[in-house]
Novice: 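To start, I am sharing the structure in question, which I have written as C-alpha cells.
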Amino acid sequence: MDDDPRKQPDKQPGRGRRLARPGLALSPLPKPRQQPAIKVESERELLLMARDLKARVADDPEFSVLLLANPVLALKAYGIELSPAMADHVLRSLRHPPQLRSRRAELEASLEKTLGEVPRPTDPAWLAKLVFQTRKLAPRDLKGLSPAYGPEIFDKAIARLNEARPAPTSRYPGVRRLQVTQRLAVAPTKPALRRLDLGAPVPASKPANDLPKTLSLEEAWFYKGDPVVADAVELGQIVRRAIPFRTPDEFRKLQSGELVDVFRAFVRKVGVKDTKRAPPNKRAT
C-alpha cells in the first residue's frame, strides 16, 4: 500500500476535503420540482409563506443550502416570488441586526437628502469626489498615518482575566534566580474596518500636493471633521459589515458546482421554522 499522502485521493466534501485545492468542484444541485407559484407582496404574506416553503424544502432538501447564498433567488427556485419591495426588505433585514439596519436607513436618507443622489461610500472614486469636489476639502498627506481603531472584543476579556490573576508566590524558600511573570495575550490581528473608531481625534497631517482620484474608507476617516464625510464613512463601515449575498451568476455557479464556498461544501440542508397562521382581522365593534 502506498503511504505517500500526496498520492492519496481527496476525502469527500464536508469530511476534511481541502477547499483550497485548485479545481475543487461538487456535483450540481438538482433544481426543485416545479410547483404552483406563490406571490409575496406584503409582510403578512411573507410570514404565511413559511409553511409552504417548509413543505417545498422537505420535497427538495438539498437545494435549500442555497437559501444561505441568496434567499431571494433560492425562494424563486422553490416557486416563491417576492415583489421587488419585499425582495429588498428581505435582503436588508438579513444583512444587518436591527440596530445597524435602522442606522443604515437613517444615514442613507440623510445623505441622499443632502447630496441629491444615492450615497455610494464603498466606491473609492465616489468617496474622493465627495471629499474633494462636493465638500471642497483640501487633500492631506497621509503617508505613514493610520486611523484609530477600537479594541477587539476579546481585549477587555483579557484585561479582566489579567486583573483577576493572583499574584505569583514562591512555593519554596530561598531566592529565585529567574524572575517569573504571568501574562495572558493573543497574537495581534489586522485592523478591521468594523473597529474603525469614528470618535477618535484625527492626527495632524501636512497638505498634499496631488489630489487623489480615489479614497478608501480608512483614508476618508482623516476627513471626518466634515459632518457629511463622517456620515459617509459611518455608512460605508455599516455597508461593508453586511452579510454578502451571491450575485445571480455566482448563485448559478454554486448550484452547478463550479463555485464552492463553505456552505456549499459542508451544509447539507437548511431547516425552515413553521409559523402559525395569523388570526383574521376582527372588525371593531
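Please read all numbers here as calculations on a predicted model, not as lab measurements. Hydrogens, waters and symmetry mates play no part in the numbers below; they use all other heavy atoms, side chains included.
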Novice: Counting C-beta onward and ignoring hydrogens, is there a side-chain heavy-atom pair between Thr122 and Leu235 closer than 4.5 Å?
Specialist: no

Novice: Roughly how far apart are Asp231 CG and Leu107 CG, rounded to 0.5 Å?
Specialist: 5.5 Å

Novice: Within the structure provided, determine whether Arg103 and Glu234 are in side-chain contact (heavy-atom separation under 4.5 Å).
Specialist: yes

Novice: Got Pro139 and Pro207 here, is their nearest side-chain heavy-atom distance under 4.5 Å?
Specialist: no

Novice: Run the numbers on Arg240 and Leu217 for side chain to side chain contact (heavy atoms under 4.5 Å, CB included), then give the verdict.
Specialist: CA-CA 10 Å; Arg240 286 271 294 274; Leu217 284 166; 3.8 Å; yes

Novice: Any chance you could lay out the side chain to side chain contact (heavy atoms under 4.5 Å, CB included) test for Asn70 and Thr247, step after step, and finish with the verdict?
Specialist: CA-CA 8 Å; Asn70 188 311; Thr247 64; over 6 Å; no

Novice: Please report the interatomic distance CG(Asp141) to CG(Asn209), rounded to the nearest 0.5 Å.
Specialist: 8.0 Å

Novice: Find the distance between NZ (Lys253) and CG (Asp261) and round it off to the nearest 0.5 Å.
Specialist: 13.5 Å

Novice: Stepwise, does the side chain to side chain contact (heavy atoms under 4.5 Å, CB included) test hold for Val233 with Leu196?
Specialist: CA-CA 10 Å; Val233 172; Leu196 199 62; 4.2 Å; yes

Novice: Restricting to side chain to side chain donor-acceptor pair (under 3.5 Å), what partner residues turn up for Arg120, sequence neighbours left out?
Specialist: Asp123

Novice: Passes salt bridge (Lys or Arg N to Asp or Glu O under 4.0 Å), Arg56 versus Asp52? Steps please.
Specialist: CA-CA 6 Å; Arg56 297 184 182 203; Asp52 294 297; 5.6 Å; no

Novice: At their closest point, which heavy atom of Pro61 faces which heavy atom of Ala58, and how far apart are they?
Specialist: CD-O, 3.7 Å

Novice: Please report the interatomic distance CD(Gln237) to CG(Leu100), rounded to the nearest 0.5 Å.
Specialist: 9.0 Å

Novice: Rounded to the nearest 0.5 Å, what's the gap from CG on Leu211 to CD on Gln133? Could you check?
Specialist: 7.5 Å

Novice: Taking the six-membered ring where the residue is Trp, are the ring centres of Phe132 and Tyr223 under 6.0 Å apart?
Specialist: yes

Novice: Could you check whether any side-chain N or O of Arg101 sits under 3.5 Å from a backbone N or O of Ser93, counting only pairs where one atom can act as donor and the other as acceptor?
Specialist: yes

Novice: Is it true that a side-chain atom of Ser102 and a backbone atom of Gln99 form a donor plus acceptor pair closer than 3.5 Å?
Specialist: no

Novice: To check you understand the geometry: which heavy-atom pair defines the closest contact between Leu127 and Pro121, and what is its length?
Specialist: CD2-O, 3.6 Å

Novice: Should the pair Glu81-Lys76 be classified as a salt bridge under the 4.0 Å nitrogen-to-oxygen rule?
Specialist: no

Novice: Restricting to non-hydrogen atoms, name the atom on Ala265 and the atom on Val260 that form the minimum distance, rounded to 0.1 Å.
Specialist: CB-CG1, 3.8 Å

Novice: State, yes or no, whether a side-chain contact exists between Leu94 and Phe245 at a heavy-atom distance under 4.5 Å.
Specialist: yes

Novice: Check whether any side-chain heavy atom of Val65 lies under 4.5 Å from a side-chain heavy atom of Leu29, and answer yes or no.
Specialist: yes

Novice: For Ser256 and Pro28, work out which heavy atoms get closest and say how close.
Specialist: O-CG, 3.4 Å

Novice: Could you check whether atom CD of Glu62 has more than 12 heavy atoms from other residues, nucleotides or ligands sitting under 6.0 Å from it?
Specialist: no

Novice: In chain order, what residues pass the ring pair (Phe, Tyr, Trp, His ring centres under 6.0 Å) check against Phe63, with sequence neighbours excluded?
Specialist: Tyr78

Novice: Identify the two heavy atoms, one from Leu67 and one from Ala74, that lie closest to each other, and give their separation to 0.1 Å.
Specialist: CD2-CB, 3.5 Å

Novice: With a 4.5 Å heavy-atom cut-off, do Ser83 and Lys39 have their side chains touching?
Specialist: no

Novice: Checking side chain to side chain donor-acceptor pair (under 3.5 Å) against Asp60, which of Arg33, Gln35, Lys269 comes through?
Specialist: Arg33

Novice: What do the steps show when you test Phe263 against Leu254 for side chain to side chain contact (heavy atoms under 4.5 Å, CB included), and what is the final call?
Specialist: CA-CA 10 Å; Phe263 297 125; Leu254 279 171; over 6 Å; no

Novice: Got a second to check how far Leu215's CG is from Phe222's CZ, nearest 0.5 Å?
Specialist: 11.0 Å

Novice: Is the shortest distance from a Lys or Arg side-chain nitrogen in Asp249 or Arg252 to a carboxylate oxygen in the other one below 4.0 Å?
Specialist: yes

Novice: Kindly confirm or rule out a cation-pi arrangement of Lys129 over Trp126, judged by NZ or CZ under 6.0 Å from the six-membered ring centre and within 45° of its axis?
Specialist: no

Novice: Could you check whether Asp226 pairs with Arg135 (Lys NZ or Arg NE/NH1/NH2 to Asp/Glu carboxylate O, under 4.0 Å)?
Specialist: yes

Novice: Please confirm whether the backbone N or O of Asp197 pairs with a side-chain atom of Trp221, one donor and one acceptor, at under 3.5 Å?
Specialist: yes

Novice: Would you confirm whether Thr214, through its side chain, and Pro124, through its main-chain N or O, come within 3.5 Å as a donor-acceptor pair?
Specialist: no

Novice: When hydrophobic residues are tied together by side-chain contacts of less than 4.5 Å, even through go-betweens, does Val118 share a cluster with Val228?
Specialist: no

Novice: Quick one about His96 and Arg104 (side-chain donor to acceptor, distance below 3.5 Å, no hydrogens or angles considered), yes or no?
Specialist: yes

Novice: Could you see if Met86 belongs to whatever hydrophobic cluster contains Ile243? Use Ile, Leu, Val, Met, Phe, Trp, Tyr and a side-chain cutoff under 4.5 Å.
Specialist: yes

Novice: Is Glu219 paired with Arg140 through a side-chain N to carboxylate O contact shorter than 4.0 Å?
Specialist: no

Novice: Is Glu41 close to Leu46 at the side-chain level, that is, under 4.5 Å between some pair of heavy atoms?
Specialist: no

Novice: Hey, is the main chain of Gly150 close enough, under 3.5 Å, to the side chain of Arg195 for a donor-acceptor pair?
Specialist: yes

Novice: So do Glu218 and Leu145 actually touch side chain to side chain, heavy atoms under 4.5 Å?
Specialist: no

Novice: Provide the closest heavy-atom pair for Ala50 versus Val272 in the form atom of the first, atom of the second, distance.
Specialist: O-CG1, 3.8 Å

